[in-house]
Undergrad: 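Below are the structure tokens for one structure; questions will follow.
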2 protein chains.
Amino acid sequence: MTNKRIRIKDIAEKAGVSTGTVDRVLHDRGNVSPDVKQLVLNVMDELGYERNIIASTLAYNRTWRIATLMPEFHTDPYWEQPNAGIDRAMKALRHYGVVLEPHIFMLFDQNSFVQHAREILDNPPDAVLFAPVFLKESTLLLKACEEKGIPNVMINTNIENAKSLSYIGQDSYQSGVLAGRLLHFGLNDGETALLLNLEIGSYNAKHLIDKEQGFRDYFARFPGQRIEIVKRDFEDFDNKNKLTAFLNELFKGHPRLNGIFFTNSRAYKAVDCLPEKIVQKIKIVGFDLVEPNLVHLRNNNIDFLINQNPVQQGFLGVISLFNHLVKKQKIEPQQYLPLDIVVTENLDYYLRRQDELQLVV
Amino acid sequence: MTNKRIRIKDIAEKAGVSTGTVDRVLHDRGNVSPDVKQLVLNVMDELGYERNIIASTLAYNRTWRIATLMPEFHTDPYWEQPNAGIDRAMKALRHYGVVLEPHIFMLFDQNSFVQHAREILDNPPDAVLFAPVFLKESTLLLKACEEKGIPNVMINTNIENAKSLSYIGQDSYQSGVLAGRLLHFGLNDGETALLLNLEIGSYNAKHLIDKEQGFRDYFARFPGQRIEIVKRDFEDFDNKNKLTAFLNELFKGHPRLNGIFFTNSRAYKAVDCLPEKIVQKIKIVGFDLVEPNLVHLRNNNIDFLINQNPVQQGFLGVISLFNHLVKKQKIEPQQYLPLDIVVTENLDYYLRRQDELQLVV
DNA sequence: AGTGATACTGTGTGCGCACACGCAAAAATA
DNA sequence: TATTTTTGCGTGTGCGCACACAGTATCACT
């Protein structure tokens, strides 16, 4: 039984040195002769030493400043969720000396993003957590972080080849594949599936492209079946009249349109504009458990929602930085969260879980 | 900004008493005059004091013994998973003084269960975590725990009205409803759905009954459709010949049998016995991400697996006891885990997540 | 007034660790 | 050889808290 907890003191005793020396070896502070160092390392290994973070944090008596750069969430309910996860993690980590410095930018406003990024860089924190929704501006932030040696984590949206500690979010390509599979349940040979991006051009659109590719690749597995895939982008999604007109036009042009895949959390915006008769008939797959989507899910207007665990994203983002800074652990560069398939019958459990994130360092 | 951390010392100063008195109030140790107590409480409230568990654990300098009573997992791969979750939680909590005392019983052997329960009670731990797979024997254990005042948590299987701290697992009824929904995708009017319990009689069967009820209730929502539901129990599932004969007989008796709902993790045992031609045609819904099921899922022999998060069950079980013992938190008596819908396209993320349980106290 | 019991409150120590400080020996330099 | 510099190592303190212990105040009863 190795239940006995090994302390620095135990190692020091066994190695015949002082705890100070063990500490120097432990933190690689130098000023230890090579042979003594090796001796201490051997004893540590032999006794199976594990650093006691409890006592360690207490003695460190320092704070770790984590700056976050996230979208304002009154414009888009989706962003409440990562923010909630961040909050929760921060509360759990307060006693470990982690201090949050939140920055909120406007969702469709690059300038706001840049300005807050500058504020962060002016008073460099120990780490940065952000959602790189603007490609160009985020790349600049990443570069600045690299120069100043500030570790950072991206959530929700990925920038490939970025020198970031980690990306935490979904696998966009695979979510497209999954959407294909789910829509396929309700589609027959010869029918049409619509892929609809309700998004604004300035957005970092790589993940939409990936989703589309995944979606198409799924249907390509069935060369015998002829399901037509139509893809559209639409920017003016907050204008009900225009959106309705756009959709009417689409249905007119594609009489056998029988399924829609919405590539982000805005499915409800279009469903709001469709006549009941059509909504009930066609199959709809969307993303994210935001309230307006849930209403439609419960009414069977939306058939499936793919949950990308936005709360967990924020939560894991903070935890990952903590693990890097404080626990000095290696962080996985890609942390893909599960693609949860949500229907009316299992919805409640996912909603509840968001309020119950369990946490232990 | 309430970033300033409040210490006992701060409260003592502001209230004009010593830290000792604050400590007495904090732990309700008595020996404090009512007015001083009230004063200290007011100051604590005003300053927003939160106990620093870091320093607290260090000072307590005690251990918490948690005994677990779980099935042996070579007989049934399912049980590897809760055990893995327990392990992971224990590792994270070691520095908080939590010590695990594991007991393993034989899956189909009540005597083995009773014997280990006795061992636990002979040297009472601070808390017990167990899987009440045998109804009668578990009830006895629960009663003994109550008498001795040992807090306990049940995972995986529920005993209703038990005086347990918490049940952690799935909502059986709702999982039956969900299975109905999933099978429904592939069933047409006039066809037959089979509900098959591959289970042994001694087992605590309440949850199988609940699943059946949920399944039936789902189809009852569609009185217009006539889908026949056939229910069978089969105990001798490890005898391939008998199982094959049993299934053949069933298909002969029900020519329009086009979907099977397996109520536990043993779907693979039956699928192994069915001819390829039939398997590919009929829809199958089962439970749990055990390896033999995964093979069939990847081959599209099984259409859906409902994941009941067994790893998380074990993990949460330990965490809940920790929260109760050490953090003195209130524990929810029912902790339902999500009913994950797993298909080939989202399987990998669930498998990966099991290895990455994140933890912070 | 003296004694003892009881009610209440303050002090001191140590949990395991990080780090500043100080000292001695060894090495480099004059 | 004397002096300075560098290297190697031990000691001591404090992080916030729990708890044992010591101490003072109050009161009842001689």
Side-chain angles (χ1 to χ4, degrees), chain A residues 4-41 43-44 47-64 93-99 325-328 361, chain B residues 4-41 43-44 47-64 93-99 325-328 361:
Chain A
K4 188 85 189 299
R5 321 241 301 279
I6 305 298
R7 300 161 301 174
I8 283 189
K9 205 168 140 188
D10 300 320
I11 296 173
E13 243 164 58
K14 179 138 190 183
V17 297
S18 76
T19 60
T21 302
V22 177
D23 178 75
R24 273 184 286 270
V25 173
L26 220 54
H27 297 84
D28 226 353
R29 289 193 225 280
N31 292 337
V32 180
S33 68
D35 42 344
V36 170
K37 178 170 176 177
Q38 195 51 54
L39 171 63
V40 170
L41 285 174
V43 173
M44 271 175 50
L47 262 47
Y49 176 75
E50 275 178 61
R51 202 163 62 102
N52 185 335
I53 324 164
I54 308 292
S56 168
T57 351
L58 197 61
Y60 260 124
N61 193 27
R62 67 161 285 184
T63 54
W64 307 90
L93 294 180
R94 272 195 52 182
H95 285 306
Y96 289 88
V98 178
V99 177
L325 289 176
V326 183
K327 301 181 83 176
K328 288 155 187 34
V361 173
Chain B
K4 187 86 192 298
R5 320 240 304 277
I6 306 297
R7 302 159 299 174
I8 282 187
K9 206 168 139 189
D10 299 319
I11 297 172
E13 244 163 59
K14 178 139 190 182
V17 297
S18 74
T19 60
T21 302
V22 177
D23 179 75
R24 272 183 286 270
V25 174
L26 218 56
H27 297 85
D28 225 354
R29 289 192 223 281
N31 292 337
V32 180
S33 69
D35 42 343
V36 170
K37 178 169 178 180
Q38 196 51 54
L39 170 65
V40 170
L41 285 175
V43 174
M44 269 173 53
L47 263 49
Y49 175 76
E50 275 177 62
R51 203 163 60 103
N52 184 335
I53 327 163
I54 307 293
S56 168
T57 352
L58 195 61
Y60 261 123
N61 193 27
R62 67 162 286 184
T63 54
W64 306 92
L93 293 180
R94 271 196 53 186
H95 284 305
Y96 290 87
V98 178
V99 177
L325 290 175
V326 182
K327 302 181 81 177
K328 289 154 188 34
V361 171

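The structure displayed is predicted, hence computed values, not measured ones. Residue numbering restarts at 1 for every chain, and letters A, B, ... go by the order of the sequence lines.
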Undergrad: Does the side chain of A:Tyr49 get closer than 4.0 angstrom to OP1 or OP2 of C:dG16 through an N or O atom?
TA: no
Undergrad: Would one find a side-chain N or O of B:Tyr96 under 4.0 angstrom from OP1 or OP2 of C:dG16?
TA: no
Undergrad: Report yes if a side-chain nitrogen or oxygen of A:Thr21 is closer than 4.0 Å to either non-bridging phosphate oxygen (OP1 or OP2) of D:dC9; otherwise report no.
TA: no
Undergrad: Taking only the side-chain nitrogens and oxygens of B:Arg51, find out if one of them lies under 4.0 Å from OP1 or OP2 of D:dA18.
TA: yes
Undergrad: Under 4.0 Å between a side-chain N or O of B:Arg7 and OP1 or OP2 of D:dC17?
TA: no
Undergrad: Can you tell me how far C1' of D:dG8 sits from CG of A:Asp23, to the nearest Å?
TA: 14 Å
Undergrad: Please determine, for the side chain of A:Ile8, which listed nucleotide (D:dC15, D:dC19, C:dC17) has the closest atom?
TA: C:dC17
Undergrad: Expressed as a whole number of angstroms, how long is the span from A:Glu50:CD to C:dC17:P?
TA: 11 Å
Undergrad: What verdict does the side chain to side chain contact (heavy atoms under 4.5 Å, CB included) test give for B:Arg24 and B:Lys37, after you've listed the backbone C-alpha separation in whole Å, the side-chain angles of each residue and the deciding distance to 0.1 Å?
TA: CA-CA 9 Å; B:Arg24 272 183 286 270; B:Lys37 178 169 178 180; over 6 Å; no
Undergrad: By nearest nucleotide on DNA chain D, pick out whichever of B:Arg24 and B:Ala55 is the more 5' one.
TA: B:Ala55
Undergrad: If you find the nucleotide of DNA chain D closest to B:Arg29 and the one closest to B:Ile54, which residue's nucleotide is nearer the 5' end?
TA: B:Ile54
Undergrad: Which is true for B:Asn52 with a 4.0 Å heavy-atom rule: it touches a base, it touches only sugar-phosphate, or it touches nothing?
TA: sugar-phosphate
Undergrad: Within the structure, does a side-chain N or O atom of A:Ser33 lie under 4.0 Å from either OP1 or OP2 of D:dG8?
TA: no
Undergrad: Holding to salt bridge (charged side-chain N to carboxylate O under 4.0 Å, His left out), I want the full list of residues that pass it with B:Arg29, two or more places apart in sequence or in another chain.
TA: B:Asp23
Undergrad: Strictly below 4.0 Å: does A:Ser18 bring a side-chain N or O up to OP1 or OP2 of D:dG10?
TA: yes
Undergrad: Among D:dC19, C:dG16, D:dG16, find the nucleotide with the atom closest to the side chain of A:Ala59.
TA: C:dG16
Undergrad: OP1 or OP2 of D:dG16 versus the side-chain N and O atoms of A:His95: is any pair under 4.0 Å?
TA: no
Undergrad: Apply side chain to side chain contact (heavy atoms under 4.5 Å, CB included) to residues B:Ile8 and B:Tyr49 and explain how you reach the verdict.
TA: CA-CA 8 Å; B:Ile8 282 187; B:Tyr49 175 76; 3.6 Å; yes
Undergrad: Grab the CG-C1' distance between A:Asp35 and D:dC9 for me, whole Å please.
TA: 13 Å
Undergrad: Among D:dA18, C:dG16, D:dC17, which is the nearest nucleotide to the side chain of B:Leu26?
TA: D:dA18
Undergrad: Kindly indicate, with the supporting measurements, whether the criterion side chain to side chain contact (heavy atoms under 4.5 Å, CB included) is fulfilled by A:Val326 and A:Trp64.
TA: CA-CA 8 Å; A:Val326 183; A:Trp64 307 90; 3.4 Å; yes
Undergrad: Does A:His27 put a side-chain nitrogen or oxygen below 4.0 Å from OP1 or OP2 of C:dC19?
TA: no
Undergrad: Which part of the nucleic acid, if any, lies within contact of B:Asn31, taking any heavy atom under 4.0 Å across all strands shown: a base, the sugar-phosphate backbone alone, or nothing?
TA: base
